[in-house]
There are 2 protein chains.
Amino acid sequence: MVTLKDIAKHANVSICTVSKYLSSSMVVKKETERRIQQAIKELGYVPNVVAKALKRMETSNIAVILPKINNLYYSEITSGISQTLGKYHYNLYIYEVDNLQLSEEEILQLMRENMIAGIIFIGLFADQSFQESINNIPGWDIPIVYANRYTSNTNYPLVYPDLVQAGEIGTKHLLAKGKQRLAVVHKGLREEILNYFLEGCHKVCGEHLPIVMEMKDEMDLVNDFVPQLLEHQIEGVFTLNELSAVYLAKALQKTNIKIPEDMAVLSLGNSVMSEISTPELTCVDLQNRELGMKSAELILSQIRKEAYEDVTVLEPFIVERHST
Amino acid sequence: MVTLKDIAKHANVSICTVSKYLSSSMVVKKETERRIQQAIKELGYVPNVVAKALKRMETSNIAVILPKINNLYYSEITSGISQTLGKYHYNLYIYEVDNLQLSEEEILQLMRENMIAGIIFIGLFADQSFQESINNIPGWDIPIVYANRYTSNTNYPLVYPDLVQAGEIGTKHLLAKGKQRLAVVHKGLREEILNYFLEGCHKVCGEHLPIVMEMKDEMDLVNDFVPQLLEHQIEGVFTLNELSAVYLAKALQKTNIKIPEDMAVLSLGNSVMSEISTPELTCVDLQNRELGMKSAELILSQIRKEAYEDVTVLEPFIVERHST
DNA sequence: TTGTATGCGTTATCAC
DNA sequence: GTGATAACGCATACAA
């Protein structure tokens with residue numbers, strides 16, 4: 001391995017001179033520069049980031065911790081993070097919690113061992129127990145960003161889409177399409193989150209709120225779920241889970257219910273899945289890539305000790321296709 | 001930061017004793033052990049992986065380099081890699097080439113700077129120029145695995161699905177379903193790769209090969225592509241790209257062609273996309289997760305200087321749904 | 001403008 | 001069993 005020492009010797013200067021020159025924290029004579037450059041080229045010098053990190057007690061590694069990467073929802077966000085981090089020459093670690101089977105404590109330990117410069121959690125961990133885990137670590141000083149987590153008892157910045165507005169524009173859209181009797185369908189959504197949507201619905205519908213229905217894994221959509229929809233004479237469904245929206249659309253068509261004439265389907269989330277569904281689903285885009293980019297920026301702000309917003313809210317918008 | 005030094009002082013032993021005890025490369029007296037353990041607990045010691053890496057000149061970081069992560073094809077493979085690496089306590093870096101806009105040389109430089117322990121390339125880089133880039137680096141010694149790359153001029157192990165067999169079982173399946181006139185549809189596939197499939201088809205069809213059609217981005221499927229299919233009186237289509245298969249199925253239905261009665265559609269690749277398509281697509285599963293796991297194992301074998309297979313071929317299999 | 005010397009936290013080579 | 005001490009490659013305070 002070629003080190004600064006080798007370069008220094010070859011260029012007949014001291015290590016310090018090379019080091020400072022390379023970090024452009026010093027101006028050197030033209031002749032010195034030439035010799036250093038030549039030595040670097042001839043010997044094939046590659047800086048050692050690990051040594052640098054040890055000395056400076058700081059890496060350029062950001063960890064993204066998420067349930068699984070093979071899910072378009074998470075991978076979109078991750079790609080946004082990657083894009084911004086790459087621009088600033090930070091590296092991106094991925095930790096898939098579903099695969100790793102590590103406890104919260106073990107993950108935090110891992111982050112400290114590796115001198116991670118910042119952590120982005122994507123929609124993970126029960127609020128209290130996790131925050132407690134961090135508080136239990138005296139001298140914890142790694143920047144954190146919570147992407148897609150709705151909580152207030154944390155000292156770290158939050159980034160999430162405006163779910164109230166999502167509920168509002170979704171409902172408004174369905175009403176504008178002439179759909180009166182609406183249902184909000186979700187799948188294991190925490191009540192707290194669900195309430196944000198309903199608050200948005202409320203703004204549009206007043207007291208005439210959509211009915212709320214939960215989709216369960218063991219349900220047969222065609223035989224169990226769709227009949228319930230019909231029973232309530234639902235005309236428009238706002239499905240708060242993209243994949244469920246796609247499956248619902250399939251079930252409706254199997255039951256010979258025309259989309260959007262007999263029933264409109266609006267999905268939350270805009271990945272290829274909505275696009276390839278039949279019919280193509282109208283959806284509320286949650287700006288996942290932007291969410292990722294913003295999360296990365298917030299981590300970098302913390303690292304640089306700059307000011308940052310405690311809460312960043314992204315504006316969702318409607319992408320109209322053929323299901324409403 | 002609590003270091004070995006602090007622990008040593010607190011436990012009244014030397015740094016060396018603590019270090020060797022922790023790496024279980026030395027047996028210590030019961031009493032010493034107790035004191036060390038107590039010190040670690042009381043002071044809250046966290047080992048510093050960066051310092052360890054510098055000293056040992058070796059990290060536990062594996063880099064995965066791929067075009068983009070927000071693509072189920074790549075993220076499935078990545079998830080497989082993550083699963084295996086996690087088991088052996090290796091960390092996973094992700095580098096998205098499409099986002100980073102780095103040249104081959106810059107990527108290789110990045111890997112060396114960061115003392116990456118091994119690199120997995122997923123379906124990337126023109127064979128020759130890239131291999132040359134590596135050869136141009138004297139003393140390059142980072143293990144590499146090529147996932148989904150078909151080439152012979154490399155010194156590194158290859159992992160890929162058996163495309164000949166994919167062609168064979170796909171064709172066989174379509175024939176078994178009573179489809180005689182077949183088409184193989186691809187989208188910008190390199191001739192070399194395409195030929196593997198055709199070789200598989202040949203095994204089943206003899207000289208009566210399927211016709212090959214290329215799908216282009218600017219094509220209107222309903223007005224341009226489907227009519228071509230009909231013109232050739234095609235009864236079964238083997239689409240070598242999952243997303244294209246889904247779009248083709250949509251186009252066929254718009255043209256009121258019944259799947260699979262009038263035309264069978266077989267897709268290559270088995271992600272959720274085939275599942276949520278209407279109708280659910282029968283497909284040839286390429287075992288992406290296994291591909292990732294195998295890639296990770298091959299990297300680890302190289303790191304451990306164990307023997308490994310130069311070429312690992314995965315066996316694709318049919319997943320039957322409703323499109324054939 | 002350049003050089004010397006020290007230390008980041010760890011492991012490894014000795015000696016005791 | 002245990003302890004000094006020297007590296008690993010780099011950055012930096014301080015000298016010159």
Side-chain angles (χ1 to χ4, degrees), chain A residues 1-37 39-40 43-61 89 109-117 139 141, chain B residues 1-37 39-40 43-61 89 109-117 139 141:
Chain A
M1 182 178 217
V2 180
T3 70
L4 276 189
K5 203 170 167 181
D6 302 319
I7 301 301
K9 192 182 292 175
H10 194 273
N12 251 314
V13 290
S14 78
I15 298 182
C16 171
T17 306
V18 185
S19 170
K20 283 188 176 164
Y21 163 71
L22 284 181
S23 61
S24 46
S25 66
M26 193 177 80
V27 186
V28 300
K29 277 198 301 194
K30 262 271 182 298
E31 166 61 13
T32 312
E33 169 167 27
R34 195 192 57 73
R35 287 215 308 278
I36 293 179
Q37 284 295 2
I40 288 178
L43 302 184
Y45 171 68
V46 177
N48 185 322
V49 172
V50 174
K52 191 179 299 191
L54 176 60
K55 178 67 199 172
R56 310 185 39 169
M57 278 311 208
E58 172 183 349
T59 68
S60 301
N61 300 331
H89 305 290
Q109 166 96 1
L110 198 58
M111 299 297 107
R112 300 172 72 200
E113 288 184 356
N114 284 294
M115 289 181 60
I116 299 288
D141 63 344
Chain B
M1 181 176 218
V2 179
T3 71
L4 276 188
K5 203 170 168 181
D6 303 318
I7 301 300
K9 191 181 292 177
H10 194 273
N12 252 313
V13 290
S14 79
I15 299 182
C16 168
T17 305
V18 185
S19 169
K20 285 189 175 158
Y21 164 71
L22 285 180
S23 62
S24 48
S25 66
M26 190 178 80
V27 184
V28 300
K29 278 198 300 194
K30 262 273 181 297
E31 166 61 12
T32 312
E33 170 166 26
R34 196 192 57 71
R35 287 214 308 279
I36 294 179
Q37 284 296 1
I40 288 178
L43 302 184
Y45 170 67
V46 177
N48 186 323
V49 172
V50 174
K52 188 181 299 190
L54 175 61
K55 179 65 197 174
R56 309 185 39 170
M57 278 312 205
E58 174 184 348
T59 69
S60 300
N61 300 331
H89 305 290
Q109 165 95 2
L110 198 57
M111 300 296 107
R112 299 172 72 200
E113 288 184 357
N114 286 70
M115 291 182 57
I116 299 287
D141 62 346

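Numbered from 1 within each chain, the chains take letters A, B, ... in sequence-line order. As the structure is a prediction and not an experimental result, all values here were calculated from the model.
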Side-chain donor-acceptor contact under 3.5 Å, A:E113 with A:Q109: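 A pair is found: one side chain offers a donor N or O, the other an acceptor, under 3.5 Å apart.
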
Counterpart residues, side-chain contact (heavy atoms from CB on, under 4.5 Å), relative to [X] (two or more places apart):
{"X": "B:R56", "value": "B:K52"}
{"X": "B:A39", "value": "B:I7, B:H10, B:A11"}
{"X": "A:K9", "value": "none"}

Would you mind building the protein contact string for nucleotides 8-13 of chain D? One character per nucleotide, 5' to 3', B for base within reach (heavy atoms under 4.0 Å), S for sugar-phosphate only, - for untouched. BBBBBB

Using the side-chain hydrogen bond (donor to acceptor under 3.5 Å, both in side chains) criterion, which residues pair with [X]? Sequence neighbours excluded.
{"X": "A:N48", "answer": "none"}
{"X": "A:N61", "answer": "A:N91, B:Y93"}
{"X": "A:E58", "answer": "none"}
{"X": "A:Y45", "answer": "none"}

Between the opening five pairs and the closing five pairs of the helix from C:dT1-D:dA16 to C:dC16-D:dG1, how far apart are the helix axes, to 10°? 40°

Scan the side chains in residues 23-30 of chain A for donor-acceptor partners under 3.5 Å anywhere in the protein, sequence neighbours excluded, and list what turns up.
from, atom 1, to, atom 2, distance (Å)
A:S23, OG, A:S19, O, 3.2
A:S23, OG, A:K20, O, 3.2
A:S23, OG, A:S25, OG, 3.2
A:S25, OG, A:K20, O, 3.4

Range on DNA chain C touched by chain A, heavy atoms, distance below 4.0 Å: C:dT1 to C:dG9

With sugar-phosphate meaning primed atoms plus P, OP1 and OP2, does B:V50 contact a base, only sugar-phosphate, or nothing at under 4.0 Å between heavy atoms? nothing

Under the salt bridge (Lys or Arg N to Asp or Glu O under 4.0 Å) test, which residues partner B:R112, sequence neighbours left out? none

